[in-house]
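One structure below.
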Amino acid sequence: MTFASDPATVLPSLALLSHRVRVLPMDADSLIKMPENTILFLDARDDLATAKTLCRLIHASGLSTPIVLVLTEGGFTVVNSQWGIADVVVSTASPAEVEGRLRLVSERGNAPAGAMTGGVGETNTAVEDGQLRSGDLIVDTNGYTASLHGRPIDLAYKEFELLKYLVQHPGRVFTRAQLLQEVWGYDYYGGTRTVDVHIRRLRAKLGGEYEHLIGTVRNVGYRFDPPDDEQEDDAAKAAAAHNK
């Protein structure tokens with residue numbers, strides 16, 4: 001990934017090796033275009049801030065793509081383990097060094113992404129007989145229904161599919177483009193604003209006490225935030241008081 005007008009200048013030695021190279025712009029939309037089994041060279045020579053943001057975004061999105069930062073000598077004073085990268089390389093590295101780093105990265109993979117995902121694991125959602133359970137929210141993937149506190153939620157088909165997808169990946173942040181691809185599919189020609197509209201409808205149907213289950217990550221996208229025990233207790237008390 002690079003902003004450079006001539007991508008060949010980012011890491012000239014890479015062009016001398018036999019690997020297949022694909023050039024992508026440095027933005028969030030490029031994340032859904034990366035092929036599987038990819039090692040990402042991220043051009044951080046001139047814009048370390050953007051590179052750091054993308055590193056965090058990649059991990060927050062749950063991607064396991066190993067990242068190799070391409071730096072100038074000055075960049076080494078800024079980069080640390082919190083970036084979650086697999087390796088670094090100077091832009092003037094020789095073909096032998098680039099090949100060696102590729103080999104090592106492909107063997108060991110990337111740094112664990114758990115430290116950047118907010119500590120919420122996918123085990124927070126229980127799956128039983130096609131039912132996804134998170135607190136008092138139940139999503140029935142067989143019957144295409146959802147309920148909260150035992151009361152059905154009236155969802156349109158795409159609203160259900162969006163909720164199901166988010167609940168299946170608790171704590172993982174998805175960009176609008178990723179959700180559009182996963183829920184609406186490759187052949188959908190609408191814009192990402194469709195995602196915002198459906199998120200807004202979902203929150204409205206979950207109600208004021210539970211709309212927070214679908215969290216917004218500013219400048220990135222959305223995620224499902226499973227309720228912790230304390231939140232569940234508070235919500236249950238509020239619901240009981242409301243029903244009296």
Let's go through Gln131 and Val139 carefully: what are the C-alpha distance in whole Å and the side-chain angles of both, what is the deciding distance for side chain to side chain contact (heavy atoms under 4.5 Å, CB included) to 0.1 Å, and is it a yes or a no? CA-CA 6 Å; Gln131 291 188 338; Val139 178; over 6 Å; no
How close do Pro226 and Pro170 get, counting heavy atoms only, and between which atoms? CG-CB, 3.4 Å
Provide the closest heavy-atom pair for Gly75 versus Leu48 in the form atom of the first, atom of the second, distance. CA-CD1, 4.3 Å
Under the criterion side chain to side chain contact (heavy atoms under 4.5 Å, CB included), I'd like the reasoning laid out for Leu132 against Thr141: C-alpha separation, chi angles, the key distance, then a yes or no. CA-CA 7 Å; Leu132 305 171; Thr141 61; 4.0 Å; yes
His149 side, atom NE2; Ser147 side, atom OG - distance, nearest 0.5 Å: 10.5 Å
Test item: Phe174 and Tyr165 side chains (from C-beta on) under 4.5 Å apart, heavy atoms: yes
Gap between atom CG of Asp225 and atom NE2 of His212 - 0.5 Å precision: 8.0 Å
Interatomic distance, Leu155 atom CG to Leu202 atom CG [nearest 0.5 angstrom]: 6.0 Å
Just checking, is any N or O donor in the side chain of Arg22 or Ser30 under 3.5 Å from an acceptor N or O on the other one? no
Are Val70 and Leu16 in one and the same hydrophobic cluster, where Ile, Leu, Val, Met, Phe, Trp and Tyr link if side-chain heavy atoms are under 4.5 Å apart? no
Would you say Cys55 and Leu42 make side-chain contact, with heavy atoms under 4.5 Å? yes
Please report the C-alpha distance between His19 and Phe41 in whole Å, then the side-chain angles of each, then the deciding distance to 0.1 Å, and finally whether the ring-ring contact (aromatic ring centres under 6.0 Å, His included) criterion is met. CA-CA 13 Å; His19 302 287; Phe41 282 97; 8.9 Å; no
Which atom pair, heavy atoms only, marks the closest approach of Leu163 to Ala146? CD2-CB, 4.2 Å
Using only atom types and a distance under 3.5 Å, with no angle test, would you say the side chain of Thr50 pairs donor to acceptor with the backbone of Asp47? no
Parallel, tilted or perpendicular, judged at 30° and 60°: which one describes the rings of His198 and Trp184? perpendicular
Taking C-beta and beyond as the side chain, do Ile199 and Arg203 meet within less than 4.5 Å on heavy atoms? yes
Considering only NZ, NE, NH1 and NH2 on the basic side and carboxylate oxygens on the acidic side, decide whether Lys205 and Asp154 come within less than 4.0 Å. no
Pair Arg176-Asp196, side chain to side chain contact (heavy atoms under 4.5 Å, CB included): steps then yes or no: CA-CA 8 Å; Arg176 292 167 177 81; Asp196 296 328; 2.7 Å; yes
Taking Arg223 for its side chain and Val217 for its backbone only, find out whether a donor-acceptor pair lies under 3.5 Å. no
Counting distance only, does the side-chain N/O of Gln178 pair as donor-acceptor with the main-chain N or O of Thr175 below 3.5 Å? yes
d(Leu17 CG, Leu102 CG) to nearest 0.5 Å is 7.0 Å
Ser94 (side chain) donor-acceptor with Glu97 (main chain) under 3.5 angstrom: yes
State, with a plain yes or no, whether a side-chain heavy atom of Asp29 is found less than 4.5 Å away from one of Leu24. no
Would a 4.5 Å heavy-atom cut-off, applied to side chains only, mark Phe3 and Asp46 as touching? no
Holding to side-chain contact (heavy atoms from CB on, under 4.5 Å), I want the full list of residues that pass it with Val90, two or more places apart in sequence or in another chain. Glu73, Phe76, Thr92, Ala93
Tell me, do Leu137 and Ile153 make a side-chain contact under 4.5 Å, heavy atoms counted? yes
Test applied, side chain to side chain contact (heavy atoms under 4.5 Å, CB included); reference residue, Arg45; option that passes from Thr9, Leu71, Leu11, Leu69: Thr9
So does Val183 get a backbone contact from the side chain of Lys158, meaning a donor-acceptor N/O pair under 3.5 Å? yes
Taking C-beta and beyond as the side chain, do Arg172 and Tyr222 meet within less than 4.5 Å on heavy atoms? no
When rounded to the nearest 0.5 angstrom, what is the spacing between CG in Leu57 and NZ in Lys52? 14.5 Å
Approximate separation, where rounding is to 0.5 Å, of Tyr157 OH and Glu161 CD: 4.0 Å
Within the side chain of Thr38, is there an N or O that forms a donor-acceptor pair under 3.5 Å with the backbone of Leu40? no
What closest approach, in Å, do Ser13 and Val98 show between heavy atoms, and which atom pair accounts for it? CB-CG2, 4.0 Å
Counting C-beta onward and ignoring hydrogens, is there a side-chain heavy-atom pair between Arg200 and Val197 closer than 4.5 Å? yes
With hydrophobic residues grouped by side-chain heavy-atom distances under 4.5 Å, do Ile138 and Tyr210 end up in a single group? no
